[in-house]
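Starting from 1, each residue takes its place in the sequence as its number. What's counted below: heavy atoms across the whole structure, side chains too, no hydrogens, waters or symmetry copies. Each ligand, and each atom within it, is numbered from 1 in the order the structure gives.
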Amino acid sequence: MSPSITSKLPSIGPTIFTVMSSLAVEYKAINLGQGFPDYPISEELISLVSQHLKAGHNQYVHMNGLPSLRNVIAEKVFGLYQQQINADKEITVTPGGTYAIYTALTTVLQAGDEVIIFEPAYDSYIPNVKINGAVPVLIPLTYPDYKIDWDEVRKKISSKTKMIMLNSPHNPTGAVLSKEDIKQLQSIVAGTNIFILSDEVYEHLIFDDMQHESMLRYPDLLERSFVCFSFGKVYHCTGWKLGYCIAPAALTNEFRKVHQFNCFSCNSPMQFALADFLKHKESYIMLGKFLQNKRDYFMKLMTQTKFTPLPSHGSYFQLYSYKGMSNESEKDIAIRLTKDFGVATIPTSAFYKNGKDDKVLRFCFAKKESTLEEAVNRLMRI
Ligand code: PMP
Ligand code: GLN
């Protein structure tokens with residue numbers, strides 16, 4: 001008999017993304033739930049990977065990430081945010097954005113530390129904080145525009161506050177940080193020992209000519225930040241699970257102590273390929289427009305249904321309200337839409353610890369036009 005185990009995360013089951021994707025497979029539904037594209041990735045990127053596989057780039061690369069990849073990331077950061085980043089000391093390549101976030105939290109948190117998290121929150125944040133023995137301090141974003149209530153943040157800060165977690169563009173709402181948010185954040189953290197974890201995996205997926213307010217733009221914020229990225233979101237290859245963390249040298253030094261005994265080094269042929277491909281600036285500059293067209297196309301199609309859109313300014317996602325259509329809970333309607341109408345979505349309540357239910361579902365529009373058309377044909381029947 002196995003020894004009995006004391007769970008570190010007793011109340012956690014499989015993530016909502018896994019639950020809804022499994023249901024989509026079971027009922028052969030169109031999956032607008034879990035965030036992943038269904039269109040092909042760049043042919044050029046695929047052939048670069050295969051060239052590097054054949055060239056023998058199949059052994060461990062440097063534990064901090066392939067140096068040429070880190071150099072080109074530093075160039076990209078300079079081009080986008082006018083910030084000089086030291087590729088040797090401040091960038092670490094990671095197996096995805098989620099890992100970068102987990103590692104940053106594990107690097108910083110001590111038992112009993114408090115971490116401010118805004119809800120709805122990406123599903124890994126709270127468990128990542130708890131597994132480190134720290135305490136999530138939850139602050140709701142305002143509904144329905146999903147803004148940060150900075151007065152509430154001021155009230156919730158205590159002597160134990162170790163970190164503030166930010167995510168812009170935001171999953172699941174598509175909200176983005178504004179210049180005013182940055183000013184508020186600057187005034188709150190100035191002179192404190194509070195760290196910032198900034199999840200910027202959707203940095204390029206920002207619409208309507210809005211500017212991405214990266215921590216990398218602001219030296220006074222960057223000096224206390226771990227900024228996390230994902231190549232999965234940049235090049236539509238979510239299954240590659242590669243990303244990186246940018247943080248000041250002293251913070252990166254500690255981050256790497258955790259990283260080296262967990263992952264050590266990431267998949268090499270993909271890093272070689274990305275180091276080449278990332279030199280084409282247009283490959284990421286055009287992304288916002290590309291996804292904005294998809295958001296607009298989906299929104300136009302959705303006018304034929306009874307769902308009401310909430311604004312999405314970035315990410316892969318848009319929330320739609322079904323108020324007036326049904327009194328069911330978000331979870332119940334998401335399951336029914338999958339089973340009876342063949343369209344999977346994500347209940348937004350899954351991003352709240354207490355399951356707050358505003359009757360809104362999250363739709364992923366990072367799909368081929370034909371997929372979106374077929375999904376909306378089905379949704380029109382409701
Ligand atoms: N943060 C957010 C907000 C996300 O939506 C995702 C999506 N996957 C991630 C982090 C993680 O990215 P990765 O797949 O590279 O781990
Ligand atoms: N980020 C993706 C989403 O929000 C899912 C990634 C995952 O399944 N962990 O849908």
Out of all atoms in ligand 1, which are within 4.0 Å of some heavy atom of Gly96? Include the element for each.
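Reading through ligand 1 atom by atom, the close ones are 15 (O), 16 (O).
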* Identify, by atom number and element, the atoms of ligand 1 in contact range of Ser230, meaning under 4.0 Å from any of its heavy atoms. =>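 Taking each heavy atom of Ser230 in turn, ligand 1 has 12 (O), 13 (P), 15 (O) under 4.0 Å.
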Exercise for the section: Consider ligand 2: state whether an atom of it lies below 4.0 angstrom from any non-hydrogen atom of Asn171. Expected result: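 A heavy atom of Asn171 does come that close to ligand 2.
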key: Tyr316 to ligand 2, any heavy atom closer than 4.0 Å   =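 No, Tyr316 has no heavy atoms under 4.0 Å from ligand 2.
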Quick one: does [X] get an N or O within less than 3.5 Å of an N or O on ligand 1?
{"X": "Thr98", "result": "yes"}
{"X": "Asp199", "result": "yes"}
{"X": "Phe317", "result": "no"}
{"X": "Tyr125", "result": "no"}
{"X": "Tyr202", "result": "yes"}

Practice task
May I ask you to check whether Glu254 and Thr107 show a side-chain donor-acceptor distance below 3.5 Å?
Solution key: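 Their side chains do not contain a donor-acceptor pair, so the 3.5 Å distance test is not met.
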Assert yes or no for the condition that the ring centre distance of [X] to [Y] is strictly below 6.0 Å.
{"X": "Phe231", "Y": "Tyr244", "value": "yes"}
{"X": "Tyr81", "Y": "Tyr218", "value": "no"}
{"X": "Phe207", "Y": "His313", "value": "no"}
{"X": "Phe363", "Y": "Phe298", "value": "yes"}
{"X": "Phe351", "Y": "His170", "value": "no"}
{"X": "Phe365", "Y": "Tyr316", "value": "no"}

**Report entry** Under 4.0 Å to a heavy atom of Phe317 - the qualifying atoms of ligand 2, by number
**Finding:**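 That gives atoms 3 (C), 4 (O), 10 (O) of ligand 2.
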| Within 45° of the six-membered ring axis of Tyr99 and under 6.0 Å from that ring's centre, is NZ or CZ of Lys241 located there? |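 That pair does not qualify as a cation-pi contact.
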Side chain or backbone of Arg362 under 4.0 Å from ligand 2, or both, or neither, by non-hydrogen atoms?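 Within the 4.0 Å criterion, Arg362 contacts ligand 2 through side-chain atoms alone.
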- Item | Proximal candidate to atom 4 (C) of ligand 1 [heavy atom criterion; set Tyr122, Phe351, Phe229, Tyr316] |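 Shortest heavy-atom distance from atom 4 (C) of ligand 1: Tyr122.
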So which protein heavy atom does [atom] come closest to, and at what separation?
{"atom": "atom 8 (O) of ligand 2", "answer": "Gln34 NE2, 2.7 Å"}
{"atom": "atom 14 (O) of ligand 1", "answer": "Lys241 NZ, 3.1 Å"}
{"atom": "atom 6 (C) of ligand 2", "answer": "Tyr122 OH, 3.3 Å"}

ask   = Which one holds for Asn167 and ligand 1: side chain close, backbone close, both close, or neither close, with close meaning a heavy atom under 4.0 Å?
value =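 For Asn167, only side-chain atoms sit under 4.0 Å from ligand 1.
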task = Check Lys233 against ligand 1 and report side chain, backbone, both or neither, counting heavy atoms closer than 4.0 Å.
result =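 It is the side chain that touches ligand 1; the backbone stays farther off.
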Item checked: N/O separation below 3.5 Å, Gly35 to ligand 2 ->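 In this structure, Gly35 places an N or O atom under 3.5 Å from an N or O of ligand 2.
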Practice prompt. With the side chain counted from C-beta on, respond yes when Asp208 and Arg295 share a heavy-atom pair under 4.5 Å apart, and no when they do not.
Written response: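 Contact flag for Asp208/Arg295 side chains = yes.
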In the structure I gave you, are the side-chain heavy atoms of Val108 and Phe255 within less than 4.5 Å of one another anywhere?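 No, side chains not in contact.
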Parallel, tilted or perpendicular: which describes the rings of Tyr143 and Tyr146, with under 30° parallel and over 60° perpendicular?
->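 It falls in the perpendicular class, over 60°.
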